[in-house]
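I have placed the structure first, in the form of structure tokens, so that the comments after it can refer back to it.
We use all heavy atoms of the structure for the numbers below, so side chains are in, but hydrogens, waters and symmetry mates are not.
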Amino acid sequence: MKIPFSPPYIDDDVINEVTDSLRSGWITTGPKVKALEEEVCKLSGARRALGVNSWTSGAILVLRWLGLQPGDEVIVPAYTYSATALAVLWAGGKPVMVDSGEDFNISVEAIRRAITSRTKAILPVDIAGFPCDYDAIMSLVSEPEVKAMFSPTSDVQRQLGRIIVVSDSAHSIGAHYNGKRSGSETDIAIFSLHAVKNVTTAEGGIICLNMPEPFDNDKLYADMRLFSLNCQTKDAFTKSKAGGWRYDIIGQGMKCNLADVNAAIGLAQIRKYEDLLKERKRVFTRYNDALKQYDWALTPPAITPGKESSYHVYALRIKDVTEQQRDEIIQEIAKSEVAVNVHFVPMPMLTLFREMGYDIKDYPQAYRNYAHEISLPIYPQLTDEQADFVIRTVVEAHNKVMGK
């Protein structure tokens, strides 16, 4: 039974929405993007939401708006996809990597130890869709001694008066945290709408704005939208109107807007997202119920007091194996044509960051999480029969490699 890892959810509603965009004669940023932004606000509770062409460009845009200067530090988890730190580098800052907890997410105590007068932002990551401990993180940046240490290097930083918290919510659209939905727990959150995500636009992202007073989130949305369009005073939709050709460039912006033809895919999906989320939870629960009987299987966190995952990745960990044994189990699984993955290779193990001086030995929990982890297929289209086949395949592969 051939089972892909994460095919996109494409049904007639998606096809019809995209066709509508194509037939409209307008395929770049326009009404579909606006409608998707409004749907994200409704789902997440964010005050404003801005569509961009990827999570990465959205994070770069936010960090450039923050005004990072050379030497400014941004705390990130060592255990995440490389885009989290690459965005910091492209924005001119220095990534400060810290270790994770056993729930895969960034350690709050590790954040505390890493804060210096140069710290300007924290980027926690909701690994696999399970929310970080945001109450603790938001409390930390508001502690008097932490605020007293804060040394702003831009007008935006001075206006905020503390370290900003930008949630890397790439995996967690639809997750729950203490009565809120992902996207509204921190100052700014950024969703990924990449092809493998719960809601996709093929490539894309959404910046969710929740800045406290004295910031005006409506004005901030308008400013960031302008910045995402090369700081051009008229977007293409407005310029296309009769007599509307004249424009100006008022700053050094970026070109990272989301197109309507892409937004149409996500718009059709997000309108039925609660149902799609239930189907993801069905698969996740089926895996959990079957695998928890094995003492070698560490099932991933999904529901704890105040938290519920978006069920984006089923991050199974195998107890008492080496990294090599984990790789051998994956090879055995592949023989049955079941596609699995690993989330993630910790950034200090990647050539770019290793050559910059980061050392995986400084992040022991991140390494343990990685070395034992196998991501199983999870998506709404996966049937119970297919899920059961995945389970049998994983169990048989484990037993063969481990000699049980």
Okay, side chain of [X], backbone of [Y]: is any donor-acceptor separation there less than 3.5 Å?
X	Y	result
Arg280	Tyr311	yes
Asp99	Ala366	yes
Arg47	Met211	yes
Arg282	Thr383	no
Asn369	Gly101	yes
Asp126	Ser169	no
Gln293	Ala290	yes
Tyr79	Ile127	no
Asn105	Phe130	yes
Arg64	Ala91	no

Check this for me: does any side-chain nitrogen of one of [X] and [Y] sit under 4.0 Å from a carboxylate oxygen of the other?
X	Y	value
Arg225	Glu37	no
Asp13	Arg271	no
Asp384	Arg286	yes
Glu274	Lys42	no

Below 4.5 Å, heavy atoms only, C-beta onward: do [X] and [Y] meet side chain to side chain?
X	Y	value
Tyr363	Met97	yes
Tyr287	Leu316	no
Ile60	Leu86	no

Cation-aromatic face contact Arg317/Phe104, 6.0 Å, 45 degrees: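 Yes.
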Stepwise side chain to side chain donor-acceptor pair (under 3.5 Å) check, Gln157 with Thr153: CA-CA 7 Å; Gln157 294 170 27; Thr153 54; 3.1 Å; yes
Working for side chain to side chain donor-acceptor pair (under 3.5 Å), residues Gln331 and Asp327: CA-CA 6 Å; Gln331 291 170 5; Asp327 291 351; over 6 Å; no
Atom of Ser310, atom of Ser172 and distance for their closest heavy-atom approach: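 Nearest pair, atom of Ser310 first, then Ser172: OG-CA, 3.5 Å.
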Short side-chain donor-acceptor distance under 3.5 Å, Glu73 and Thr116: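 Judged by distance alone, the side chains do pair up.
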Donor-acceptor pair between Asp155 and Gln159 side chains, under 3.5 angstrom: no
Stepwise side chain to side chain donor-acceptor pair (under 3.5 Å) test for Lys255 and Asn257: CA-CA 6 Å; Lys255 186 63 167 68; Asn257 54 303; 2.7 Å; yes
Residues Tyr177, Asp133; criterion side chain to side chain donor-acceptor pair (under 3.5 Å); working and verdict: CA-CA 9 Å; Tyr177 182 81; Asp133 192 350; 3.3 Å; yes
